[in-house]
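Remember, it's 1-based here, ligands and their atoms both numbered in the order they're listed. Everything numeric in this text was worked out from a predicted model, so none of it was measured.
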Amino acid sequence: MREVELSELSVAQLRARRRRLVGAVSDPERTLRGVLLHKERRCSSDGCHCRRGELHGPYSYLAIYAGGRSRTIYVPAAVEAACEAHVEGTQRNEELLLEISQINLELLRRRALE
Ligand SMILES: [Zn+2]
């Protein structure tokens, strides 16, 4: 919901909406920030079929941004599903937290931040 729409809600409605959003946040223990990528790769072997365009993979990587730079980390197949679930849950949680922050900003404007 956009801020202009939040401004049309009462303080009680804003707090009720915030409570619903908090209830939708999933286990923060599963937080994993990043973007899951699937890439095909060439290996270092000269005679390999990948030199003729038949690449290896796709393999999964997690692109992360930390300390002002980005890098990718290989994701083994055995943990790929778990990694994907963590990343998706984290993205949903961050959208929920953003919306909660917008509600709190609206409550602050009305001096109703408790
Ligand atoms: Zn190869």
If you look at every heavy atom in Gly34 and Ile64, which pair is closest and at what distance? CA-CG2, 4.4 Å

Protein N, O or S atoms less than 2.8 Å from the Zn ion (ligand 1), ignoring waters? Cys43 SG, Cys48 SG, Cys50 SG, His56 NE2

Are Glu95 and Arg92 close enough, and set up right, to give a salt bridge (Lys or Arg N to Asp or Glu O under 4.0 Å), and what steps lead you there? CA-CA 5 Å; Glu95 286 163 14; Arg92 277 196 303 277; over 6 Å; no

If the plane angle is over 60° it's perpendicular, under 30° parallel, otherwise tilted; pick one for His49 and His56. tilted

Check this for me: does any side-chain nitrogen of one of Arg18 and Glu114 sit under 4.0 Å from a carboxylate oxygen of the other? yes

dist Leu97:CG -> Thr90:OG1 (nearest 0.5 Å) comes out at 10.5 Å

State whether the number of non-hydrogen atoms from other residues, nucleotides or ligands found under 6.0 Å of Arg71 atom CZ is greater than 12. no

